[in-house]
Every structure is written in structure tokens, then in C-alpha cells.
Q: 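This is the structure I have questions about; it appears just below.
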Amino acid sequence: MIDIQHLHKTYGNAKKANDDITLQIYPGEIFGLLGPNGSGKSTLFKQMTGIIQPDYGDVILNGHSIVSDSLEAKKTFAFVSDTPDNFLQLKGIEYLNFVANIYQVPNKEKAQRIESTAREFGMYDDLGKQIASYSHGMRQKIMVIGALVVNPDIWILDEPMVGLDPRSAFNLKNKMREHADKDNIVIFSTHVLEVAEQIVDRLAIINKGHLVFVGTVDQLREMNHSDKSLEQIFLELTDTEGENPLSQEKLDAAQGV
Amino acid sequence: MTVSEKLKRIFMLARVMSKSDSTTRVVSSNKLFGQPEGSFGYKVIKAIINVFFILVMVGYSAVFGFAYMGATSDIRSFSQLVILALIVIVLLFGIYNVGIGMFYSQNLPSYLTMPITSTELISARILGFLKNTLMIGLMLIPAYFVASLMYGNGILWSLALCVMVLLSVVPIAMIALLITFFLIRFTPLGNSENIFKGVYGVVSTVLSIAMVYVIYSVVYSDQGLSSAVNVIPEGALEYFLAFVTPGYFLIPQISELATSNLGLALVYSLIFLVLCAIYLAIAVLVMRKSYLGIVNTVIAGGKLDDKKPEKIKEESSHFNLDDELKDRSQLASFIALDFNRFRRNPTLFQQFALAPILMPIFIMFVFYFSSKKLFNEELGISDYTQMGQALLTPEVILFASAMIVCFTFVIAFYVGSLGFSYSAFSIEGKSFSSFKSMPINFSTYFTAKIITCLILAVPVPLIMFVAGALYIGLSPLHLISFIVSFLLGSLGGVSIAMLFDVLMPKLDANNEQELRNRPLNFIIMVVLAGVMTFALMALGLILATNELPVYLILAIVLGVEAVLALISFVLLITLGKSKLLSIEI
Ligand SMILES: Nc1ncnc2c1ncn2[C@@H]1O[C@H](COP(=O)(O)OP(=O)(O)O)[C@@H](O)[C@H]1O
Ligand SMILES: [Mg+2]
């Protein structure tokens, strides 16, 4: 389980990127985090994964605090960030080998997982090339493959579909479902509503660092008059002019699922 | 468009280029003595630190000029020395930036889609390049200013001469740039960034060794530098040289004439400035025509010989899954990661791994030429051995033991701190954010880095020193102390250099050059090594003048060195680790 407790984060002296975010995610769930550009999705993920320190608050991953017990906490998840331009000097295969060794994936499983996952994503023949020579989508794929090869309980994916071709996106969605169905957790962010609608069990909508909704897609519809399209609801909730968070009761109701 | 509007555009472009090359956002939650970044206190402390380091740098430089002029009062040879140094800097560090920036920069495609002429692009690049080179050259300026004043030139002339000394890199830089341009344009070198970098690395290394050799041989020749070029020399070769490096020939004359014949000094200055301008203009004119075409083909991945890039790709992309998948511990994984980087990127290797190998060679040059000058004849290896044995009487050994062992430590500290260690952390760049989300034990990480640095920095110099020691016939006791001292010095230097890299990282570097050019880290290491030298030499001297048994002296010295090395290592692990956790990228 992931327990996000009152996260606050401000960059420099600017406005708050995350403002008191509290959220629980349970085993078996695919959880979607939706929000417009700059709403604080990546900031939330970076705090959950130990890349940046929260100003206040904590995240407990399968019982381990990312702040005070970070090494153990980090063993519980794999993270795919929204900028795949990492480790450019390495060949794809070297990157996968490196990641697998860091998470101490046993050798027998390593070869088998790398080969099958890379083939599924159509990357096997490119593994011998330097990541620097990959296109954006290929870089995204190699990072995703890295996470799948490590295969810990929790997957945290920041905009994983961006740049993926339709077949790979389809593959990834299936993998996410399979993983969650084994009583694991997948949490991912997106600003594409259709993706969310297709696969999430629950979702949260974040706007300007505030959570404005937490619940299922159906609850989102119900609460906002089912005659509106999901797009309309999303646009209203994330209206950039008026601050428009839902009332606290509605949020509490949604949380108590 | 008027000329001034055009110039404005070029300057703006140059500014954007130099800024847009760094794109990583590093959120620093840096603190200085408890003051958070951005606060007034932080700025004040930062300013004080900066001023301190500038003062130290200016001080070092000025003392150098003062000492040189005090000893020889020969402004002519000093001018030539400074200009030679600048030229070496340009050849070693500058060209790479332009070559890569001009033809392989990631931002190039964006500029190509904008309504910018190739003249503007080239001019902006050259401006940026000159700015970078001149910034490095500024280190030498206080020395020259002091020397010029001591020679008797007025303040105004001294300032003007300093400017001209800086400008003297322009012709050399433009020639090197044109050669680079032709290489990329007309040879297969241009086909691949990696091949270009690799060949560039080899050429500039050979060039730098040759340069240093030439400089030393001239400096230590019987007549010294001043005789090498007395007047603007006769003969075709000399005229050619005078044209290629006008600064080297004209500025010494101007320096001398400024006190005696003002008119002629002014005429020479004018000639010099015109020559610089001509070189700039030629470079822009020559490259303007074909620049965009070349860039287009480079971006498309191949040109001239279209088959070659394909072939390279095919060869390098072949792999065997079982060979590639090695089970490694975290420690070994990090070491392998860096060595993969070195294998992939020849420039990286040239910039960071080659220095420890070159430095002993340079030191050997000094010994060779200075002893040659001392004895005024060619010396064979056997002469050195005899010399060594003659010096190594029991009393001398007793006296020298402590000194030599201390000296070894300092040399090793120096070599270790100026190699890969200097940017061992910054090399992670943006990838460091991935590390932070992985279950990585940062003590293991640091240990791995130190092992990598030691593998790069220790073997070659150590073998060379040991070989030298064996020739002289050092006793086993001394030889062992020597080796231990070398290892301890290396450990200390590597740890401290890496600590400063972690404390002041450069994670947004775009190329190897930016990882190499880090004046603040460099100065800190030089100052530290200087302090270390004084302290250890003083210790050695005190021990040597007390009548203690040799083994006791050695034990004390090695003990002190071990403590120093250990402190460095522990500082890195503790301070470095807590800093790592606060770096947000
Ligand atoms: N490194 C940073 N430094 C300063 N501000 C940042 C940094 N990263 C993000 N921000 C700001 O924080 C806010 C949230 O950004 P982010 O979490 O990246 O949004 P999202 O991922 O939802 O698009 C934005 O206003 C962004 O400008
Ligand atoms: Mg984002």
C-alpha cells in the first residue's frame, strides 16, 4: 500500500507545486493521476520516489518511509520518469543489465525477462545500440522495459504513454493490468483522459498542486451530473482562472472507497 | 538592416546559444553556513567566497609575474611564455567546443528552422568560443600586468598590452578552427561525432606533448627563450610563423618599445589588431558558404561517403545477450558504468583518464631538460644511475627519506585530484535523478567511484616512479614506503577532489569540456595541494633534522599521511552523502 501523508513542496520562492496532498493507494489498483501541465504531478512522483525531499509530509511505501527509511522504501518500487534522456552513453542492453544488477534481479530471470520484454516492445534488435541513438519513443520504451525487468511490487510511471507507438502503449496497458491483478500497485500520471478512462480503477485529479478529486470514474461522473462528458468535467475541475476545488465533504466521501 | 542591428542580432544569438546549451533544472536546496540559497545572507557569503578565490587567483598569477620579472627582468621572454601558454590552452580546450558546437550541437536543428543566416550562426559561435577562451586566459593577465609594470610600462600601456595578449589567441584559434572545418568538410572524420572526438583527442594529446616539449627545450636552451626570436626573423619559415602567431612576435616588441619608441609601438599595435580582425573575417568568410550544407548532412547522419555510417552502425549494434548480461554487485556495477562511458566516449577518456598519464611525462621533461642544462651535455640512463648513487650516501638517505616520501604523497595527491575525481560525480548529469529513485547505498557508490578514479590515476605514474626508483637503486624499505605513500596520496587527492565535486556539482554539463573547465574546483585543489605541500615538507624537514632512526621517520611520515588520506575519505562519505540527499534535479 502507498500512504501519501500531507505532502507539501515549494520550489524556490515560487508558488506551491504540491499543497497538502494526502492519498492512499491499495494493492490490486491501477491508480491514475490526472492534471494539466504544470499541475504538480511530476513533483508528487519525485517526492514519492526520493528524488526530491518533501518540505513537509511523508510517503509510506509498503510500510517503509521514503524520508526516514529510503533504501528499503526504494526496493519496493520502480520509477519511470517523464524525461527518458538518461544514461545516453550506454547501450540499451547495458542499461538494462545495470538496472537489473542494482535491484539484484537473479541472473536466470534477468536474461529471460529482458529478452521477452524487449521483444514484446519491439526493442530487442536495438538493444545493442547506444541510447543516444534512440528516438524519443525508444528511449521511453527502454526506461519502461527497465522497470518491467526489475518488476517490484509497485510501479510508478510518470506519463508512460507519451511517445509510445499504439502497439507498445497497448502492451504496456496490458502489463499494468496483469501486474495490478497480482495484488500489486500501478500508479501513473497522464493528461490524456481516454487512457485514464480505459484502465484506471481509481483516479485523482490535481490542479495547481491541490487534489480536486479522488475516486472512480463513475463517481466522477455522478458527482458532476452524468450528462456532461468526462472532458467537460475535467476542464471545469481544472479551470485555471477560478480556484475550484471540490468541497471537503465530497473529497472525504470519495476517499472512503 | 544596419550594421549595428546586425551586430546586435549576432550578440543576441551568441547569448542564447551559450545559455540554451544548459537545460537541466537543478533545484538546489543549497545552504551556506545555515543560510538558504536565494537569501541575502547566502548571496553575501557567496560573494565573499568568490572574491576570496578571485583574489587567490590574481595573487598566484601576479606573484608569478613578479617572480619572473624579478629574476630576469626580461619582458620579451615573459610575453612569449604567456602567449605560448594561451595558445596551448586554445589548442587543448577551445577547438573541441567549437567543433562540437558548430556541427554536432543538439540545438542546431532548431536554429536551422529559423530565419538566421549562416554568417550570423558562425559569427555567434565564434564569439562564444572566443569568450570562453578569453575567460580562461584571464588567469594569466594579472601576471602579465605586473610584469609589464615592473618593466617600466605605464598603466595604460600595460592594460592595452594585456588586451593584446588576450587577443593574440584569435589568429591561432581561427586557424585551428579552419583546419577543423576542413577536416569535417573533406575527410571521413565528419561522418561520426564519435570518430571526430576520438581523432581530435589523439591529435590534441600529441600536440600538447609536442608543445610542452618544444616549450621546455626552448626555455632550457642555452640562450633561453629571448634568443629564439630576437627580431622579426628572416627566412620564409620565420615569416610564416610570424604571420601564423603574430602575437608571439609582435607583442614582445611592443612591450619593449612602449618605454622607448612610442610611435613604433603604436604602429605595431595597429598592425597586430588589423591582423586579428583579418583572421576573424577570413574564418567567417570561408565557412559561411558551405556551413549550412555541412550541418544539414551531418544532422542527416552521413555525407561524402554514404556507406560508412551504416557500416559503423551495424557493427556496433550487434550483441550477444549472454555476453552482455553479467551478474555484478552494486559496487562493480558502478565501476562498469563509468568504464562503459570511457569506452564509448573517447573525449571523456582523453579529458579525464589521460591527464594522470601525461603529467609524469611532463615532469620527466622538466627533469630531463633541467639536468641537461645543469650538466650541459647529453646524459645517458647510466649517468642518472651514477648520479643517484653518488647522492645516496647514508647521511643523504637519512635526510632525504622523509622529504622524498612526503614529496611522493603530494605528487600523488595532485595527480589524483586533477584526474577523473574532479568530475566523477558531475558526470552523472541528469541521470543522477534516476539514481535517487533506485535502492542505492551511496557509501557503496562513493567507494566505487574512488576505485574507478584510482584505477585511472595510479598504475601508470606508479610504474614510472617505481621504475625510476629502481634505476637509482633505492633500498627495499624506501621503495615500499614510496609505494605506500603514493597510494595514500592518491586516495587523499581523489577523495577530496570528489568531495568538492559533490559539494559544487555541475550536473547540467552538455559536453566533456564543460565538465573539464571548472576553474573554481581547479583552484581549490591547487590551493589545497599547495597547503599540503608546505605542511608535509615542513614535517619532513623537522623529522630529517632530528636524529631519529630511518624506520621511525618513515613510520611517522606514513602515519601522518594515512591519517590525512583517511580523513579525506571519511569526509567524502559523510559530508558527500548528506549533500547527495539534498541535491534535487
Ligand atoms: N525544478 C524546478 N524548479 C522550479 N520549479 C519547478 C521545477 N519543477 C517543476 N517546477 C514547477 O512546479 C510546478 C509543477 O510542475 P510539475 O510537477 O513538473 O508539473 P506536471 O508534471 O504536472 O506537468 C510547475 O509550476 C513548474 O513550473
Ligand atoms: Mg510532468
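None of the values given here were measured: they were computed from a predicted structure. In the text below, chain A, chain B and the rest are named by the order of the sequence lines, each starting its count at 1.
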Q: Might you confirm whether atom CZ of A/Arg167 has over 12 heavy atoms from other residues, nucleotides or ligands at distances under 6.0 Å?
A: no
Q: Check each atom of A/Gln104 against the heavy atoms of chain B and say whether the ones under 4.5 Å are side chain, backbone, both or neither.
A: side chain
Q: Donor-acceptor pair, distance only, cut-off 3.5 Å: does the side chain of A/Lys46 make one with the backbone of B/Ser437?
A: no
Q: Looking only at non-hydrogen atoms, find the nearest pair between A/Ile102 and B/Gln330 and report the distance.
A: O-NE2, 3.3 Å
Q: List the steps and the verdict of side chain to side chain contact (heavy atoms under 4.5 Å, CB included) for B/Leu325 and A/Ile93.
A: CA-CA 8 Å; B/Leu325 293 184; A/Ile93 185 70; 4.1 Å; yes
Q: Is A/Ile114 in contact with chain B via its backbone, its side chain, both, or neither, using a 4.5 Å heavy-atom distance?
A: side chain
Q: Taking side chain as everything from C-beta outward and backbone as N, CA, C, O, which of these in A/Val105 sits under 4.5 Å from a heavy atom of chain B? Side chain, backbone, both or neither.
A: backbone
Q: Give me the ring orientation class for A/Phe98 and B/Phe435: parallel if the planes are under 30° apart, tilted from 30 to 60°, perpendicular past 60°.
A: tilted
Q: Can you tell me which residue among A/Leu88, A/Asn86, A/Thr83 is in a side chain to side chain contact (heavy atoms under 4.5 Å, CB included) with B/Lys430?
A: A/Asn86
Q: Test salt bridge (Lys or Arg N to Asp or Glu O under 4.0 Å) on A/Glu94 and B/Arg343; report intermediate values, then the result.
A: CA-CA 13 Å; A/Glu94 286 166 349; B/Arg343 260 201 319 179; 3.3 Å; yes
Q: Sort out for me which of B/Ala332, B/Ser431, B/Ser434 touches chain A most, counting heavy-atom pairs under 4.5 Å.
A: B/Ser431
Q: Would you say the side-chain atoms of A/Asn97 pair up with the backbone N or O of B/Arg328, donor to acceptor, closer than 3.5 Å?
A: no
Q: Just by modelled atom types, is the B/Pro439 backbone N or O under 3.5 Å from a matching donor or acceptor in the A/Lys74 side chain?
A: no
Q: If I compare all heavy atoms of B/Ile440 with all of A/Leu71, which pair ends up nearest, and what's the gap?
A: O-CD1, 3.3 Å
Q: Decide side chain to side chain contact (heavy atoms under 4.5 Å, CB included) for A/Val99 and B/Met438; before the verdict, give the C-alpha distance in whole Å, the side-chain angles of both, and the deciding distance to 0.1 Å.
A: CA-CA 9 Å; A/Val99 178; B/Met438 292 177 186; 4.2 Å; yes
Q: Could you name the residues of residues 335-342 of chain B that have a heavy atom within less than 4.5 Å of a heavy atom in chain A?
A: B/Leu337, B/Asn340, B/Arg341
